[in-house]
2 protein chains.
Amino acid sequence: MLSKSQIGFIKSLHQKKYRKENGIFIIEGIKSIIEFIPSAYQVNSIYYLAEFKSLLPNLPPNIKLFEVNHADLDKISTLQSPQGILALVNIPDHLPFEVSGLKNSFSLVLDGIQDPGNLGTIIRTADWFGFKNIICSQNTVEVYNPKTVQATMGSLCRVNVFYEQLPSWLPLVKVPVFGALLEGKSSFELEWGKEGVLILGNEGQGISPEVLKFISHPVTIPRIGKAESLNVAISAGILCSDISRNLNK
Amino acid sequence: MLSKSQIGFIKSLHQKKYRKENGIFIIEGIKSIIEFIPSAYQVNSIYYLAEFKSLLPNLPPNIKLFEVNHADLDKISTLQSPQGILALVNIPDHLPFEVSGLKNSFSLVLDGIQDPGNLGTIIRTADWFGFKNIICSQNTVEVYNPKTVQATMGSLCRVNVFYEQLPSWLPLVKVPVFGALLEGKSSFELEWGKEGVLILGNEGQGISPEVLKFISHPVTIPRIGKAESLNVAISAGILCSDISRNLNK
């Protein structure tokens, strides 16, 4: 059984304020935990129902283990249907992103994404297509939000997510700056080339005016039917696939 | 103000059982409501905060109007942040889908999609690319689930969603049957042709064995990185874009 203070501490990490204060976030589910253990992230402690113990790999000795009962897991979990195992992971000290890292590759730039599920799904999609870096505006939802972490399905441990002041960061970028807009060159015809960043905007407002002016290559996914817009994670998926097709042809 | 019984009735429609029993579902937000009014759906009644009245178009006389206060709207809304206006819409009597409607077009077939947000996002994406028909297995999440309706962003009124027993329906299909699988022909190279259905499977289990055997053209979105899978709505978006590029070249 966990102590009241342990439960209280883990529950506090459901909130951004306490994640930031303690430098710790929560991951859930055996698949994610197995992916995080050998990654660059440092897993701090693991809380598991008895039946999950045998599923854990050999663990480094610095990871603290706590067997918990269903009632305690329900309390500390961020999920409506807890997945039997949960871990606390240290938030890494992010070094500022070096723009030289953009050369000879594609990276995503997110300007004000608000929905944690969208951010998580974009990270998962970036990982599928082998994009290593995502640069977020400061007002993009926090990457350690439990809904974001869950939606990444473990991909968070393989994709670097940075937060930057985009209006002062974008002028440093020396590769083509693509932006997903409602008016631009058709994604069915665009030549992506071999390097660049692709900017995707906020769910309701799109890309902000301060960021818009840095776009050298506006791109549009052609609309054949009548929907007013596409979900931003869907747009990201379609354009990542197109970029990837071009890089791998 | 609404009566207790009106509030109770609308709240009951948050649940599938009562939506089915009464043949009514809920839509929210001025944009969706404006799109549904002239559509084939019959809007039954509208509940709005005073400031939304001027935003409503000329309405057919059979739509009942109720001005409500914030407290009542909070009670009847399915959203955490109600959008100021909500409508009840009649669930249409769906005729069984005619397979002849598949000729010279592409349609989506969903096998056991469970997440209402995924279903809604797929409907929105289908509408963007002009796909008219989606055929769902009987165990796919209900299309009138409030989270599904919300995620369609109004596109539900332009895309026909049918529920069929796929193992008895698929043998009737006379167009190529594509299926999104982890092993198949690369979507970067596939020739889609001018007609077909594309099957997408459950979030965790993929396409069920009873449905798998009807796939004549397995297709895979090439994985360059390390994510174990793509979100099903992302896969749908990427493949709809590829189909659409081919149809419109």
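The basis for the numbers below is simple: all heavy atoms, side chains too, and nothing from hydrogens, waters or symmetry mates. Per chain, numbering begins at 1; letters A, B, ... match sequence-line order.
Heavy-atom pairs under 4.5 Å with chain B peak, among A:Ser244, A:Ala126, A:Ala236, at A:Ser244. Between chain B and the options A:Val159, A:Thr125, A:Leu239, heavy-atom pairs under 4.5 Å are most frequent for A:Thr125. For the options B:Ala151, B:Pro222, B:Gly117, B:Ser155, heavy-atom pairs under 4.5 Å to chain A are most numerous at B:Pro222.
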Practice item. Might you work through the side chain to side chain contact (heavy atoms under 4.5 Å, CB included) test for B:Trp128 and A:Ile221, ending with a clear yes or no? Key: CA-CA 9 Å; B:Trp128 179 272; A:Ile221 299 167; 3.8 Å; yes
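When side chains are defined from C-beta on, A:Asn246 does not count as touching B:Phe188, because their heavy atoms never get closer than 4.5 Å.
Scanning residues 26-43 of chain A against chain B with a 4.5 Å heavy-atom cutoff picks out A:Lys31, ordered by number. Contacts of residues 223-233 of chain A with chain B at a heavy-atom distance below 4.5 Å involve A:Arg223, A:Ile224, A:Gly225, A:Lys226, A:Ala227, A:Glu228, A:Ser229, A:Leu230, A:Asn231, A:Ala233, listed in sequence order.
In A:Lys194, the NZ atom is crowded: over 12 heavy atoms of neighbouring residues, nucleotides or ligands sit closer than 6.0 Å. For A:Glu183, the CD atom counts as loosely surrounded, since its 6.0 Å shell holds 12 or fewer non-hydrogen atoms of other residues, nucleotides or ligands. Heavy-atom contacts from other residues, nucleotides or ligands closer than 6.0 Å to CG of B:Leu182 number 12 or fewer. Heavy atoms from other residues, nucleotides or ligands lying under 6.0 Å from CD of A:Gln205 number 12 at most. The 12-atom threshold is not exceeded at CD of B:Glu98, counting heavy atoms of other residues, nucleotides or ligands nearer than 6.0 Å.
Although no hydrogens or angles enter the test, the distance criterion places a donor-acceptor pair under 3.5 Å between the side chain of A:Arg245 and the main chain of B:Ser187.
Taking all atoms of both residues into account, the shortest heavy-atom contact from B:Ser241 to A:Ile238 is OG-CG2, 3.3 Å.
Only the side chain of A:Arg158 comes within contact range of chain B, with heavy atoms under 4.5 Å apart.
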